[in-house]
Structures are given as C-alpha cells and as structure tokens.
Amino acid sequence: MTAAASKKPDHVYLVDGSGYIFRAFHALPPLSRSDGTPTNAVLGFCNMLLKLVEDSDAEYIAVIFDAGRKTFRNDIYADYKAHRPEAPPELIPQFALIREATRAFNVSAIEMPGYEADDLIATYATQAAARGNEVTIVSSDKDLMQLVGDRIALFDPMKNRKIGEAEVLEKFGVKPDKVVDVQSLAGDSSDNVPGVPGIGIKTAAELINTYGDLDTLLAKAGEIKQPKRRENLVNNAELARISRDLVTLKRDVPVEHGLDEFVKREIDGAVMEFVTKNEFRSLAAKLNARLGEASIKATRAAGGFTAPVATPSAAPAATPSAATAPAVKIGEGYELVQNEAALLRWIEAANKSGALAFDIETTSLNVNEAKLVGMSLATQAGKACYVPVGHIGTTGDLLGGGAEAPKQIPLARAIELLKPLLEDAAVLKIGHNIKYDMAVMARYGVTIAPIDDSMLISYVLEGGAHGHGMDELSELHLGHATIKFGDVAGTGKQQVTFDHVSLDKALAYAAEDADVTWRLHETLKPRLIAERLMTIYETIERPLIPVVAQMERDGVKIDAKELQRLSQDFASRMGEIEREIHRIAGTEFNVGSPKQLGEILFDQLKLPGGKKGKTGAYATGADVLEELTVTSGHPLPQKVLDWRQLSKLKSTYADALPLAINPETGRVHTSFALAATSTGRLASTDPNLQNIPIRTEEGRKIRRAFVAEPGHILLSVDYSQIELRLAAEMAEIEPLKQAFRDGADIHAMTASQVFGVPIEGMDPMVRRQAKAINFGIIYGISAFGLSQQLGIGQGEAKAYIEAYFKRYPGIRDYMDRMKKIAREKGYVETLFGRRCYVPGINDKNPARRSFMERAAINAPLQGTAADIIKRAMIRMPAAFAAAGLKGRMLLQVHDELLFEVPVAEKDEASRVARAIMEGAHLPARQISVPLIADAGTGMNWAEAH
DNA sequence: GTGTTCACG
DNA sequence: GACGTACGTGAACACA
C-alpha cells in the first residue's frame with residue numbers, strides 16, 4: 001500500500017453519478033449522435049471523468065449510481081421522492097450510457113439495490129476517512145453536505161468549486177454535523193421530505209443554533225415564544241423525526257466492494273471505442289493525443305531511454321491541493337498586472353509566442369457605451385494575466401466597506417504599450433467574439449490585426465449543433481465550468497458594472513476568459529483542417545468580421561421627430577379602436593392580453609371555433625382572427641387586428657428606435673450576431689434592424705424614418721429570388737433554370753407547368769397558388785403547410801405537390817437526398833461547404849423529426865444564399881474604394897444590402913454594388929442560373945426599396 | 001423565465 | 001401512419 005509509504009494521505013474520489021447526470025442534462029445544450037440518441041449529459045460526464053483521472057491526485061476513484069427508484073426510505077415514508085416527475089425522455093437512454101462510459105474509462109461503477117447512491121457514498125466516505133484517507137465527493141447535491149468534515153469535502157463539478165465547512169455554513173447556517181437537524185425541520189420539497197410546516201432553512205438554523213440539536217429542540221418546543229412556530233413544532237415533532245430518518249445518510253451499508261477495488265487504473269484503448277461510437281469528436285482527439293503520448297512514453301521506457309520526455313505543456317503540473325482539485329489547470333496561477341514592468345514582460349512573452357488570446361472587460365455589452373475597464377492576455381494554456389485600467393473601487397454598503405480605486409496602470413499608458421502588439425502583423429490575436437473587442441478598442445485608437453476568433457471557428461465546425469458562447473464551449477470541449485459574469489458582478493438589481501468589481505474577482509474572471517479562449521482555439525483550430533472547413537472560415541467568416549464591425553460603427557440615420565409624430569398618431573388611433581372594442585364587447589378588458597381576448601371572443605361572445613393550445617389558452621393569432629372575421633361576420637376580430645398592428649408598430653419601432661439613437665453619432669448602431677443562426681445567416685439585435693416593416697402601408701411609414709445624411713441618398717440592392725434560383729440549381733430543375741435564364745415570370749411558368757394552363761391571360765389566382773408552391777419548395781413543402789397558406793384542403797394541396805414532383809422530379813430527389821445526408825452525417829452542406837447541423841433529425845417523435853427534415857431541406861438553400869451575400873459584403877469595401885466611391889455599406893437584411901452614398905455617386909455605386917453581388921459566387925462556384933440584383937435609391941429606405 | 005404574437009427575409 | 005407543420009430570426013408583452 002502506498003498510504004503507509006508516503007506522507008500525503010491517499011486521496012479517494014467518489015463521484016455521484018446519478019446526481020451528475022441530472023444536473024449536466026439541464027445545464028448542457030442538447031446534443032445527440034447522428035442516430036438521434038441524446039448525449040449531452042454523457043459528454044459532460046466523460047469530460048469530468050477524464051479530468052479526474054488525468055489531472056487530479058486521485059489514488060482511488062469510483063462512480064456511484066442509484067440502482068432503482070425504490071429504497072429503504074420508502075418503507076419509512078411511502079411518499080419519499082414521490083413527487084419526482086418521470087425523467088425526460090432525452091435523459092433515459094443516457095443512464096445506461098453513463099455506466100458504460102464509466103467502465104470504458106476503466107473506473108469502477110458501483111450501485112446496490114435498495115440503497116441510494118448517497119448512502120453508498122456515505123458508507124465509502126466514512127470507511128475511507130476512518131483509515132486515514134482524504135475524500136472528495138464529486139457532487140453538488142446538498143443532501144451530501146452532512147458528510148463534510150476534516151477529511152471529507154465535496155466538489156461541485158458544475159460550478160467547479162469546492163464545498164467545505166465554510167460553504168456548508170453559508171448554505172445551511174450550521175456546521176456540517178448539524179445539517180441533518182436543519183434538514184429535518186426545513187424539509188425538502190424536491191425529495192418530498194415533509195419537515196415542519198412554516199419552517200425553512202433560515203428558521204431551522206436559528207433554532208438549531210439556539211437549542212443545539214433536534215431532540216433538545218423538540219423536548220423544549222413548549223418554551224418557544226412565537227405562538228405559531230411553537231404550535232407547529234409541538235404538533236409536528238413526529239414529522240420532524242421521520243424527516244430526520246429520511247435525510248440521514250446511512251454510513252454502514254453492507255457494501256459488496258471494498259475500497260481497494262477502486263484503485264485508479266490507467267485509461268486504455270477501450271475508451272476510444274466508446275467515444276467513437278458516441279461521436280465525441282473533440283474528446284476523441286484529446287484522448288488520441290494522450291494515448292499516443294502514453295504509448296510513446298511506454299515505448300521509450302521499454303527501450304531504456306533515460307532522458308525526460310518533453311510534454312507539450314511546458315509548465316509542470318502543480319500537485320493539486322485538496323482545496324482546488326480536480327480542476328487544477330484552468331483558473332490557477334493567473335497574474336494581476338499593476339505596473340509597467342509586469343506588462344512589458346507579458347508583451348515580450350506574446351511576441352515570443354507569436355500569438356495571444358485577448359479579451360477586454362468593459363462597463364457595457366453595447367459597443368458604443370462600453371468604457372474599457374481591463375484587458376486580459378493569455379500566451380499559452382494556463383498562462384494568463386489581467387491588466388486593470390479602469391477600476392474605480394467597490395461601492396460599500398451603509399456601514400462603509402467600499403474600497404478606494406486600486407493601483408493600476410493608467411489607461412492611456414496601458415494602451416500605448418499594448419497598441420504595437422495588438423497591431424503587430426506578426427502576432428496573431430485570438431478572441432472569442434473578437435468583433436466586440438475590436439470595436440471597443442477601435443474607439444481607443446487601436447486596430448487589432450491579424451485575428452482569429454474561437455467563437456467563429458466553433459460556428460464553422462458545429463453551427464446549428466449548439467450555441468457558441470464561451471461558457472457553453474468551455475463546458476463542452478474543456479469540461480470546465482467557467483466563472484459566470486453574475487458570479488463576480490452580481491445579478492438582478494444588485495448587478496454592478498465591471499469597473500466596480502474588486503481586482504481579485506476581476507482577475508479570476510477575466511484571466512480565465514483569456515485562458516479558455518486560448519484553449520478553445522488550441523482545441524478547435526486544428527479541426528478546421530481535419531474537417532475541411534478552413535476555406536469557409538478563412539474566406540467567409542473571418543474576413544467578414546472587420547466588414548461587419550465597420551457597418552455597426554457607421555450606423556444608420558433615423559428621423560426621430562418623424563417617429564415621434566408616428567407614435568402619437570398610432571396612440572390616438574389605438575385609443576379610438578380600443579374604445580370601440582370595449583363598446584362592442586360590452587366590457588373593458590386589456591386588448592393586449594391574448595388570454596382575456598380569447599375569453600371575450602369565445603366564452604363571452606360565443607364566437608365559433610376557439611381552439612385551445614397545449615397551455616390551455618385560446619389561440620388568437622392573426623390567422624385565427626382573420627378566419628373568425630369570415631366565419632362569424634363579427635366586427636370585433638378585425639378591430640383587434642387593426643389595434644395589434646398599430647400596437648406593434650408603436651412599441652417595437654416608433655417608440656423604441658429613437659431610444660436607440662447614440663447621442664454621440666446621432667445614429668442607430670445595431671449589432672450583427674455572426675454565430676447565431678443554424679444556416680449561416682446573420683442576426684441583428686439591439687435593435688433588430690432586419691425586421692423593419694415594409695409589407696403594409698402603415699408599416700412602410702416606419703421605413704420612411706430611415707434616412708440619408710444631407711447630400712446623400714440611400715441605395716438598396718437586393719437579390720431577386722435568390723433562394724428559388726439556388727433551388728433550381730441545387731435540385732437541378734432544368735425547366736426552372738431555363739426560365740430564370742430567359743428572365744421569364746417564374747411563378748406563371750410554374751403555374752403553366754403544374755396546372756397545364758397557358759401563360760397568356762392567366763388567372764392571377766392560379767399564379768398566386770404557383771407562387772405559394774415555389775415558396776413551399778424552399779421551406780420543405782408539406783401538404784398541410786401549403787393548404788394553410790392557400791386556404792385550401794389538404795387533399796388539394798397534396799395533389800398540387802404531386803403534380804409539381806411529377807413535372808420536376810429533381811426536387812423530390814433533392815429533398816430525399818438532404819434528408820438522407822442529414823440522417824447519416826447529422827448535417828447538410830451549402831454549395832460552399834458550410835455545414836448546417838440538424839440535430840434531432842433522427843428523433844423518434846415524428847413531429848420533431850418532420851420539423852428537422854424540413855430544416856434540412858431549407859438549410860442548404862438559405863445557407864448558400866447567406867454564403868453568397870457574405871462574399872459580396874467582404875468584397876464591397878475594396879470595390880467601392882477601387883471605383884473611388886465614398887459610399888458606405890450600412891445594413892444587411894439577408895438578401896439586401898443598404899448603402900448610404902453621396903448623391904453624385906448614385907449611379908456608379910448602384911452599378912458597382914450590383915456587379916459585386918451578382919458575381920459574388922465566382923470564381924469559387926459556377927451557378928448555371930444568373931444571379932440578379934436590383935438596385936433602388938431614394939431619400940429614405942421606403943423609397944430606395 | 002416561458003409562451004404568444006408579429007415584424008422581417 | 002404517427003404527430004403537428006411550412007424555413008430562418010428578435011422584440012414586446014402578458015402572465016406565472
């Protein structure tokens with residue numbers, strides 16, 4: 001035994017497998033294998049286990065599971081855990097997989113019928129502590145807190161923090177040995193432990209601290225002053241005792257396996273089979289590297305090499321202390337940089353390494369309002385620092401306790417020192433959503449280049465599979481729970497801006513972000529080559545960053561006065577309509593409440609129909625109200641529709657947009673999200689300028705408030721029918737392609753081909769139906785969808801689709817092909833090779849599956865169109881410059897680009913923009929139908945369109 | 001925080 | 001044939 005030989009006691013890790021799976025399942029984004037089996041919790045578990053095996057000082061490891069729902073506690077109290085809902089269906093297959101994973105990692109998986117995992121953990125922890133071992137229980141279950149002691153600690157793998165005596169005291173208000181007493185009184189609604197009514201944790205702790213323990217308290221319950229509390233305690237003493245039996249963990253379970261069986265074993269090749277089967281690509285890469293390393297070491301050792309083997313990470317791994325295990329690497333050893341000498345050392349290190357991860361902290365997520373508070377740098381995994389430049393001390397409470405502004409390098413000086421590095425062409429700057437850092441730093445006169453972006457790399461690799469925020473990716477690829485912003489700056493009303501955060505907290509948070517960014521880059525960048533996605537990243541996503549950043553910075557001019565006039569007009573008309581609605585309904589109610597409206601329409605007025613959705617509320621959407629106008633002839637639904645339109649226009653646009661005007665520039669600066677959609681499109685937020693009204697006359701009034709500077713005009717250039725053209729191309733619909741080449745009326749042609757009517761003198765209704773079919777093709781047509789769109793029966797819709805397929809067999813082939821590819825690979829591809837993941841394509845729920853199938857059909861079309869306009873955007877600034885144009889590109893709305901150009905440039909700018917857009921696919925791809933872009937100009941956006 | 005509704009492509 | 005639908009977004013509001 002090693003225990004006797006070494007001074008340090010052996011370290012035993014007991015992992016609460018059942019607890020982990022529930023928490024990981026809810027904390028991690030949904031992921032699944034290409035056969036549809038969900039795997040998010042399994043991947044989280046594997047990452048956690050790997051870290052434990054590789055990075056901790058564990059001598060013994062076991063994972064403990066619940067064997068079944070029924071335990072001896074049900075004999076004590078039949079309702080124990082009775083309220084527990086059934087596990088969600090996506091979780092169920094993961095239980096078995098996690099046991100499988102445990103064995104694949106060569107770790108003991110322990111369970112025992114009749115006992116909960118918690119009891120087994122209590123038993124083993126007690127045994128191990130008794131023989132002098134140190135015990136870490138990996139779990140965030142508060143029920144295990146009663147076990148904490150000198151030799152036993154908890155480690156919360158989701159929050160990545162140790163739970164010792166201090167944390168238990170914080171949670172329960174008592175030391176670990178009294179936790180049971182507090183729980184017996186307070187009860188636990190999630191486990192259905194009754195406790196004493198009216199007593200929560202706060203009160204329970206107060207009582208136990210006064211009386212010492214539960215028995216003494218119950219014996220002296222009569223002395224308690226508060227009458228209600230006294231009565232409850234006296235009457236429910238037995239309930240408290242039963243509760244105690246329920247929450248007290250059994251430390252003497254007659255276990256079948258001894259601690260010695262848990263001795264840590266090395267991971268071997270068996271694990272690869274498991275991770276491959278479950279399609280854990282980045283984990284496989286990590287394991288491959290480690291297994292390779294291990295086998296090299298073994299070979300060298302066998303060959304008698306005596307020289308030390310160099311490891312890739314230069315820093316020797318520190319021996320993990322009990323306080324921080326098992327997450328030793330991320331989050332440790334960061335440096336707070338408060339003087340120039342220290343900063344210069346980091347700059348030198350970055351120059352040497354040729355790359356640095358860079359991240360800034362500011363007072364706002366909004367680029368234009370953000371003030372720089374600090375910068376963090378990482379120059380290798382685990383080597384990171386934080387440079388505060390704008391901290392203004394902490395705000396104290398009423399008793400004081402606030403702190404003075406801390407020592408830091410003056411902002412201007414820090415920027416002066418860092419600017420050459422950030423602009424150095426020989427040093428790669430890696431950021432996570434670096435567009436933000438670039439935009440803020442640009443305001444301080446720094447132009448960051450060259451760049452890489454770990455968020456966009458992740459987006460190119462796995463767009464549509466999950467989100468790409470740093471927190472989520474850290475969990476996914478590094479198995480590390482990052483410190484959350486709310487953890488350092490507070491949440492809700494107490495949240496403060498980062499300049500008020502204390503330096504120690506700021507260091508831990510900010511330096512970790514740079515460290516994690518570095519590691520994500522290290523993990524993900526090589527995959528771009530391995531998975532043949534480097535081209536998408538290097539020719540589309542990365543070059544788009546500065547282009548979009550410039551558009552955001554330029555912003556668009558808005559006529560606030562005009563919007564205020566519109567708002568007043570809308571308000572007065574809404575008031576009139578509202579009075580009429582109340583008069584017709586016979587009661588006053590909130591027209592804006594779908595619930596109240598539904599009750600008025602269907603319960604009170606007894607209008608026909610009235611379908612309740614899954615939440616039990618009547619549906620009152622526009623389609624329902626329009627239908628109701630026809631079927632009932634009642635005037636109310638139309639009034640509500642009118643009111644809703646005005647209400648939408650007023651609150652979302654007329655009132656909100658003026659508030660978004662930046663006082664310094666006098667313009668509105670949206671933010672384009674580069675990694676938000678599953679298809680490659682951009683998304684616009686804060687405010688969303690991609691959904692400014694245009695379809696109705698009232699709505700167009702809003703668009704008129706988007707104006708050009710004096711001496712300028714707005715130029716709008718949009719692709720004509722781009723997705724349908726791409727459908728013709730990608731589905732090889734020859735007649736459709738020919739029609740586009742001929743510049744024919746595409747919908748009339750479809751009508752002619754499908755319904756067999758001549759184009760000359762065609763009924764507009766017939767053309768309209770054909771148009772709906774053409775749109776349907778892009779969306780992954782369904783009989784139901786088409787019937788809804790056209791207001792016809794499903795049978796009729798089905799017949800149309802059949803006719804279409806018969807006429808154009810290519811489209812059916814295309815649809816089947818996309819579904820097959822999505823099922824087999826989990827993603828579909830655009831013409832340019834962008835992957836669009838379609839998770840859930842193999843779902844056993846047919847509704848969800850159909851949904852994902854239609855997404856798989858649509859994504860290559862929508863995504864290719866997105867690729868093309870992005871290529872155009874990237875070329876636009878240079879094309880304008882080459883033509884001597886001063887015009888600026890302001891907005892992108894999926895198939896449209898909006899420019900602001902000097903009046904004199906009107907024609908030339910239109911010509912250049914159209915040429916760039918129409919040739920954007922070249923030379924990378926040839927498309928056998930022409931891409932057409934139409935240009936329009938005007939004093940405002942409505943005129944230009 | 002979730003669901004409904006509606007603005008856009 | 002099941003099951004609930006056209007694809008992709010973001011913001012405001014009501015309600016829990």
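Note on naming: letters A, B, ... go to the chains in the order of the sequence lines (proteins, then strands), and numbering restarts at 1 for each one. Quick caveat: nothing in here was measured; it's all calculated off a predicted structure. Heavy atoms only: backbone and side chains are in, while hydrogens, waters and symmetry mates are out.
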If you walk 5' to 3' along DNA chain C, what is the first nucleotide with an atom under 4.0 Å of a heavy atom in chain A, and what is the last? dA2(C) to dA16(C)
NA contact type, F851(A), heavy-atom cut-off 4.0 Å: base, sugar-phosphate, or nothing? sugar-phosphate
For DNA chain C, find the residues of residues 649-662 of chain A with a heavy-atom distance under 4.0 Å and give them by number; none if there aren't any. S651(A), T652(A), A656(A)
Using a 4.0 Å heavy-atom cut-off, does A622(A) contact any base of the nucleic acid, only the sugar-phosphate backbone, or nothing at all? sugar-phosphate
Might you work through the salt bridge (Lys or Arg N to Asp or Glu O under 4.0 Å) test for R834(A) and D867(A), ending with a clear yes or no? CA-CA 8 Å; R834(A) 176 193 301 279; D867(A) 290 344; 2.8 Å; yes
With heavy atoms under 4.0 Å as the rule, sort A859(A) into base, sugar-phosphate or nothing. nothing
Under 4.0 Å between any heavy atoms, over every strand shown, what does S782(A) touch: base, sugar-phosphate, or nothing? Just pick one. base
Heavy atoms only, 4.0 Å cut-off, all strands: where does R849(A) land among base, sugar-phosphate and nothing? base
Contact check, residues 692-699 of chain A vs DNA chain B, heavy-atom distance under 4.0 Å, returns I692(A), P693(A), I694(A), R695(A)
Side-chain contact, heavy-atom cut-off 4.5 Å: H747(A) with N774(A)? yes
Stems involving DNA chain C, each a run of at least 3 consecutive Watson-Crick or G-U pairs under 3.5 Å: B:1-9 with C:7-15
From the list K639(A), R644(A), Q638(A), side-chain contact (heavy atoms from CB on, under 4.5 Å) partner of L625(A) resolves to R644(A)
Taking the six-membered ring for Trp, are Y779(A) and F775(A) parallel (under 30°), tilted (30 to 60°) or perpendicular (over 60°)? tilted
Nearest 0.5 Å please: distance from the CD1 atom of I600(A) over to the CD1 atom of I581(A). 10.5 Å
Under a criterion of less than 4.0 angstrom to any heavy atom of chain A, what are the 5'-terminal and 3'-terminal contacting nucleotides of DNA chain B? dG3(B) to dG9(B)
Main-chain N/O of G680(A) paired to Y459(A) side chain as donor or acceptor, under 3.5 Å: yes
What contact category does N691(A) fall into here, base, sugar-phosphate, or nothing, at under 4.0 angstrom with non-hydrogen atoms? base
Report which part of the nucleic acid D718(A) touches: base, sugar-phosphate, or nothing (heavy-atom distance under 4.0 Å, all strands). nothing
Mapping R681(A) and P687(A) onto DNA chain C by nearest heavy atom, which one lands closer to the 5' end? R681(A)
Residues S364(A) and N366(A): side-chain donor-acceptor under 3.5 angstrom: no
Please give the distance between the C1' atoms of dT5(B) and dC3(C) as a whole number of Å. 24 Å
Under 4.0 angstrom, heavy atoms only, what part of the nucleic acid is N845(A) near: base, sugar-phosphate, or nothing? nothing
Name the nucleic acid region contacted by Q788(A), choosing base, sugar-phosphate or nothing; use a 4.0 angstrom heavy-atom cut-off, strictly under. nothing
In whole Å, what separates the C1' atom of dC8(B) from that of dG4(C)? 25 Å
S567(A) side chain to L563(A) main-chain N or O, any donor-acceptor pair under 3.5 Å? no
How is G592(A) classified with respect to the nucleic acid when contacts are heavy atoms under 4.0 Å: base, sugar-phosphate, or nothing? sugar-phosphate
Distance-only, no hydrogens or angles: does the H669(A) side chain make a donor-acceptor pair with backbone N or O of E552(A) under 3.5 Å? yes
Do the side chain of T696(A) and the main chain of G699(A) share a donor and acceptor less than 3.5 angstrom apart? yes
Heavy atoms only, 4.0 Å cut-off, all strands: where does S684(A) land among base, sugar-phosphate and nothing? sugar-phosphate
Is a donor on one side and an acceptor on the other found under 3.5 Å between the side chain of R914(A) and the backbone of A933(A)? yes
Could you measure between the two P atoms, the one in dT5(C) and the one in dT4(B), and give it in whole Å? 10 Å
Do other residues, nucleotides or ligands put more than 12 heavy atoms under 6.0 Å from the CG atom of L605(A)? yes
Sequence neighbours excluded, the answer for side chain to side chain donor-acceptor pair (under 3.5 Å) partners of R573(A) is D569(A), E698(A)
Counting the atoms with a prime plus P, OP1 and OP2 as sugar-phosphate, which does A673(A) contact under 4.0 Å by heavy atoms, base, sugar-phosphate, or nothing? nothing
Please determine, by modelled atom types, if S684(A) and T670(A) share a side-chain donor-acceptor pair under 3.5 angstrom. yes
Say whether, by atom type as modelled, one donor and one acceptor occur between the side chain of R703(A) and the main chain of P693(A) under 3.5 angstrom. yes
Near K484(A) NZ, under 6.0 Å, is it more than 12 heavy atoms from other residues, nucleotides or ligands? yes
Heavy-atom side-chain proximity of I577(A) to W643(A) below 4.5 angstrom: yes
